[in-house]
Amino acid sequence: MAAGPIQFEITHICTQSGARTGVLHTPHGDVETPMFMPVGTQATVKFLSPEELYAISAGVILANTYHLWLQPGEDTVAMAGGVQKFMNYKGPMLTDSGGFQVFSLADSRKIKEEGVTFKNALNGDTLFLSPEDSIRIQNRIGADIIMSFDECIPYPADRRYAEQSMERTLRWAARGKAAHERPDEQALFGIVQGGDYEDLRLRCAEELVKMDFDGYAVGGTSVGEDKATMYRMVRWSVEKLPLDKPRYLMGVGAVNDLLEAVSCNIDMCDCVLPTRLARHGTLMTSQGRINIKRNIYKNDFTPLDPECDCECCRHYTKAYLNHLFRSHEGFGTRLMSIHNTRFLLKLMEEARQAIRQDRYNDFKAETLSRMKFDERGF
RNA sequence: GCGGCUGUGGUGAAGUUGGUUAACACACUGGAUUGUGGCUCCAGCAUUUCGUGGGUUCGAGCCCCAUCAGUCGCC
């Protein structure tokens, strides 16, 4: 294992599928891969306390550079001693670079070689974020893993734009790496872009590998493309990546997508899906999806998911969750967020187990047919 | 017993110089949701109907009569 802030140890390779398990050693503890990482944009996984995250065996959680930069500001987080101390999370953390906001806030930004001009949604101010700024802010926020500042392009994107954007993302990656001031304490990952173009994905990955990042991410997926396209983009993106470095598929959290990602030797995924779905009343269960606000659950006094070991499923009924949701009670949102997040964490625990037993392909097929989710995967 | 006011969908209620598809909100019923947009978005939701029964009119939730119900005041 090479020196550096994190070490990645591969512990088993499934003889049936080629999928792998591993351990990511970080300054804030070891986590097993492949793993799902809950998203806590504003230095909180919405509605969940750190204690609740420990209780459902969450490992790495995310925070977002862009959001923390706007509020409370990098100075405050730095004065707190870093984001982990600020929010009292004792496990490892990862910050997204703000690159996704280039995509998601497309109405109010301008992209230039130097960086991106945003409009602050909170007060209308014009703000500017460069790759160097993003890394500086992430250095001060202090997560264990930080991300290159990239551009996440929409789908579909024409080839000319995808190529120009990808080349710029490479230049931004190099600039960010040069600006990284804490390489011994924070791992920096590069992000593969290139849209739905094989040669662009391959080239982007190859160039990033030459720069020697601590890990590599696949970006630009889950932006409206169909599943076949997404899986194609992932496979092209990882083809040229070194096997001994961690691989992170960004923004993916549907069950079928997670299982496919593991097949591609993806070690890390993050997604807002479990918490967002919970807030809107949709629950993922071992029997398929449940919309808890439906009237059929009004007098259903059975657990949400009898196979789940979370606080919500062990102590509460669907009737109670239905009542809490209709009453707009935050406790219901909290319980359902716990469940959905635990559901994906447990799915990955089971995936790791199947890999260790050299039966990952069987597990994947059985799981997909058993859970009866639709094509979306939730 | 007398007088006033009110009666529109599950709820609150718009709706008079009488004129096509009865506003809006909430609730309700579905749906959406992938590097976060908690309190969001989309769609549906009174169509033999405006307490009931008559009448006037080409046409009535709107005008007239009766009646029932609720409510306030007086005796």
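Quick note: numbers below take in every heavy atom, side chains included, and nothing from hydrogens, waters or symmetry partners. Here is how names work: the chains are called A, B, and so on, in the same order as the sequence lines, proteins then strands, and each is numbered from 1.
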Students often get this wrong, so: under 4.0 angstrom with heavy atoms, is [X] touching a base, only sugar-phosphate, or nothing?
X	result
A/I191	base
A/Y248	nothing
A/C152	base
A/D150	base
A/G220	base
A/S337	nothing
A/N64	sugar-phosphate
A/Q193	base
A/R334	nothing

What is the base-pairing partner of [N], counting Watson-Crick and G-U wobble geometry with both distances under 3.5 Å?
N	answer
B/rU8	B/rG15
B/rG44	B/rC28
B/rG1	B/rC74
B/rG61	none
B/rU34	none
B/rC50	none
B/rU20	none

If only side-chain N and O atoms of [X] are considered, is one of them under 4.0 Å from the OP1 or OP2 phosphate oxygen of [N]?
X	N	result
A/R326	B/rC28	yes
A/R294	B/rU29	no
A/H328	B/rG38	no
A/Q101	B/rU36	yes
A/R289	B/rG31	no
A/R376	B/rU33	yes

Legend entry - Aromatic plane relationship, A/F118 with A/Y66 - under 30° parallel, 30 to 60° tilted, over 60° perpendicular: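 The arrangement is tilted - the two ring planes meet at 30° to 60°.
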
Separation of atom [atom1] in [X] from atom [atom2] in [N], rounded to whole Å:
X	N	atom1	atom2	answer
A/L283	B/rU33	CG	C1'	14 Å
A/F36	B/rU34	CZ	C1'	9 Å
A/I296	B/rG31	CD1	C1'	15 Å
A/M336	B/rC39	CE	C1'	13 Å
A/F47	B/rG38	CZ	C1'	5 Å

Inset, instruction - Flag as yes if A/H67 stacks onto the base of B/rU36 (centroids under 5.5 Å, planes under 30°), otherwise no. - result: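 Whether judged by distance or by angle, A/H67 falls short somewhere, so it does not stack on the base of B/rU36.
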
Inset, instruction - Map A/G330 and A/N295 onto RNA chain B by nearest heavy atom, then report which one ends up closer to the 5' terminus. - result: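 The residue mapped nearer the 5' terminus is A/N295.
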
Legend entry - A/T333 or A/N291, whichever maps to the more 5' nucleotide of RNA chain B: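 First, find each residue's nearest nucleotide; the 5'-ward one identifies A/N291.
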
Under 3.5 Å, is there any donor-acceptor pair linking the side chain of [X] to the base of [N]?
X	N	result
A/T282	B/rU33	yes
A/T221	B/rU34	no
A/R279	B/rU36	yes
A/K293	B/rU29	no

Legend entry - Any donor-acceptor N/O pair, A/Y197 side chain to A/R159 backbone, under 3.5 Å: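 Pair found, side chain donor or acceptor close to backbone of A/R159.
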
Inset, instruction - Please confirm whether A/R359 makes a cation-pi placement over A/F363, using NZ or CZ under 6.0 Å from the six-membered ring centre and within 45° of the ring normal. - result: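 No.
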
Inset, instruction - Run the salt-bridge test on A/E307 and A/K346 with the 4.0 Å N-O cut-off and return the result as yes or no. - result: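 No, no charged N to carboxylate O under 4.0 Å.
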
Inset, instruction - Answer yes or no: is there an ion pair linking A/E225 with A/R232, defined by an N-O contact shorter than 4.0 Å? - result: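 No salt bridge links A/E225 with A/R232.
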
Inset, instruction - Heavy atoms only: give me the nearest A/V262-A/A19 pair and the separation to one decimal. - result: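 Scanning both residues, the minimum pair turns out to be O-CB, 3.6 Å.
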
Inset, instruction - Answer with yes or no after comparing the ring centroid distance for A/F301 and A/Y320 against a 6.0 Å cut-off, counting only values under it. - result: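 When the ring centroids of A/F301 and A/Y320 are compared, they turn out to be at least 6.0 Å apart.
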
Legend entry - Among A/D30, A/I145, A/T26, the one residue meeting side-chain contact (heavy atoms from CB on, under 4.5 Å) with A/P92: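 Running side-chain contact (heavy atoms from CB on, under 4.5 Å) over A/D30, A/I145, A/T26 with A/P92 returns exactly one hit, A/T26.
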
